[in-house]
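Report on one structure; see the data block that follows.
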Amino acid sequence: MKLGCCYYPEHWPESMWVDDARRMKALGLSLVRIGEFAWSRIEPDPGRYDWPWLDRAIQVLADAGLKIILGTPTATPPKWLVDAHPDILPLDPHGHPRTFASRRHYCFSSKTYLEESKRITTALAERYGAHPAVVMWQTDNEFGCHDTVISYSDDARAAFRVWLEDRYGDVRTLNEAWGNVFWSMEYRSFDEVDPPAATVTEPNPAHVMAWRRFSSGQVRRFHDVQAAIIRRLSPGRDITHNFMGHFTEFDHHAFAKDAIDLATWDSYPLGFLEQAWWPEADKVRFARTGHPDFAAFHHDLYRGIGRGRWGIMEQQPGPVNWGAYNPAPLPGMVALWTLEAAAHGAEFVSYFRWRQAPFAQEQMHAGLNRPDNLPDTASEEAANVLQTLAKCGDLSARKQAEVALVYDYEAEWATNIQPQGRRYNYSELAFLFYEGLRRFGANIDIVGPQDVLTGYRLVVLPGNTMCPGVKADNAAQIVLGPRTGSKTAEFSIPEGLAPGTLAEEAGLRVRRVESLRPGLTVAGSIAGERFEAPRWREFIESDLPPIATFDDGEGAVFRNGQVTYIACWPDCTTLTHALAGAFDAAGLVRADVPEAVRIRRTGDLTFAFNYGENIDLQAAGLIPEGARIVSGSVRPGPAGVTVWTI
Ligand code: GAL
């Protein structure tokens, strides 16, 4: 695995560049990402390109022996462009433009902007596409960040109508599919359909679903135009995009198919902890480490999205500036995060950023170097990582995991559009299942709903609302979470009720559901232990004897041959028992991983990552007799990483 950093030559006097490049190389970095926000310097006035500074910057980096990842600058259209074409700005649901003076101020559907983005991408790729140091391209930056996937512009409305016509053929079919007879929502032509914005009360969920699907596709279309130019003018280079953590506004599986050579994502474990759903106690507990499963979940997700090829384009190196609170990572944590990415198969980890900027929005965001140009703590940790990696040898061999978790972006939208209970969140549920599997020490592949599931011994669908069926091996164990198959593709209740097409395999159907407010739970028993289901509970019709029951006598968990169905939002006890049963039935070996430790096996190495206090991994039963320690200690301290082989 290689290391790199994100660098902004345009932020620094040219007199610093040579020394920066030399020090990057001396630190052991081999990749540098540049350019993704530099439009106002590349084209200071309409049609007047200023290449010499970028030529020199690229040459300085190349001369130092660094390889370059070049970003297209379309996340930051310059002021003159916005003024000349205000129609490129995204519109909020009330039709107000989101304005210039930060970034991502463009609408994916804007025809003008698509042309402008073609123009600047062509200019850049003509100039640098054949440069020997340019090895990879990043399109734009973090598509959708700052809530920008959806825009209610005129161009978006027009394109939505065309998309609807393509999908439904004639408007009667659309009316029928959406159930528009309800509340007299019927249309007489596609030209009458608007995006679902500013309605008096909730719009038809099928309408919103269509709009989300359309908007998701617009992101892909925008990327495709740039990718095609780059492929033509810069053959042989990888194309990627830097995706985000906990970001579900467009369907990344659909986006990535045949569009990128590898997936990359931007990992900010402490920032994400602040933003996500965890209770206060967890936010305090993991404030300096990040949640032990959060980065790993995304590593496994993006490995799937990149068809096995992935990397970290931006790695948090110290405190960030955008959380509600921005603590410093525990000493050693930046190294741990980097090694964890390596253990999950990353091709590279690139730190954001080389040096903390003393000005503008991100002046409080740490870098590998301080604003006064002295190395910050992450520099030393990066150097340590390289030493550990050297001991581990080649980590590039990748083996399919035995467990697959099928993650569906449309399920996230569906439960978002119609939660039916405020605290119902599909991604949180998917994450719970992931955590549960990791506690058994499993290596997990996160795959998409269209992916082939051959070779997996255990397949988990955490609650995939619009599930057309599961094509797993005959012998595979399958675990289905609540709400699986509860909607048709057009957002209505399936004819035979949930779980729809899976009813026969699961041997049951869901006759009624209820959601539970905080403080209200439904208790029951599983394997002689008590559980309490929060948030969601289903009432099941089945001839099967349940393997867990609620106290009112209704079944909570069922097993029909190889298929396990969980009819509630599972608490830890329910989840552990349900997953353990499937795990054992699949013939998989279950480890008992200590609470704040996570493990990952790759080749003949096992990595342990300590997100908690001092621990003895041998006493905990993780390191077997006769194992050889490759790196780290049998008793790692906080943020310790131990690697062994048998
Ligand atoms: C990312 C973004 C970077 C920078 C960074 C700060 O989301 O891609 O440009 O803003 O966050 O943490």
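Computed from heavy atoms alone, side chains included, the values below leave out hydrogens, waters and symmetry copies. Just so you know, these numbers come straight off a predicted model, no measurement behind them. Start at 1 and go down the list; that is how both ligands and their atoms are numbered.
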What residues form a salt bridge (charged side-chain N to carboxylate O under 4.0 Å, His left out) with Glu412, not counting sequence neighbours?
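Partners of Glu412 under the salt bridge (charged side-chain N to carboxylate O under 4.0 Å, His left out) test: none.
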
With Glu347 via salt bridge (charged side-chain N to carboxylate O under 4.0 Å, His left out) - residues at least two apart:
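Expected list: Arg309.
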
Test side-chain hydrogen bond (donor to acceptor under 3.5 Å, both in side chains) applied to Glu43 - qualifying residues, sequence neighbours left out
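Listed in chain order: Trp39, Arg119.
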
May I have a table of the N/O to N/O pairs between ligand 1 and the protein that fall below 3.5 Å, each row giving the two atom names and the distance to 0.1 Å?
residue	atom	partner	partner atom	Å
ligand 1	7 (O)	Glu142	OE1	2.4
ligand 1	7 (O)	Glu142	OE2	2.9
ligand 1	8 (O)	Asn141	ND2	2.9
ligand 1	8 (O)	Glu142	OE1	3.2
ligand 1	8 (O)	Glu142	OE2	3.2
ligand 1	8 (O)	Glu314	OE1	3.2
ligand 1	8 (O)	Glu314	OE2	2.8
ligand 1	9 (O)	Arg103	NH1	2.9
ligand 1	10 (O)	Arg103	NH1	3.3
ligand 1	10 (O)	Arg103	NH2	2.9
ligand 1	10 (O)	Glu362	OE1	3.4
ligand 1	10 (O)	Glu362	OE2	2.3
ligand 1	12 (O)	Tyr268	OH	3.4
ligand 1	12 (O)	Trp322	NE1	2.7
ligand 1	12 (O)	His365	NE2	2.7

Can you tell me if Thr139 and Gln226 form a side-chain donor-acceptor pair at under 3.5 Å?
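Their side chains do not contain a donor-acceptor pair, so the 3.5 Å distance test is not met.
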
Would you say Tyr268 and Glu314 are linked by a side-chain donor-acceptor pair, where the criterion is simply a distance under 3.5 Å?
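Result is yes, a qualifying pair exists.
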
When the ring planes of Tyr407 and Tyr409 are compared, do they come out parallel, tilted or perpendicular, using 30° and 60° as the limits?
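It falls in the perpendicular class, over 60°.
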
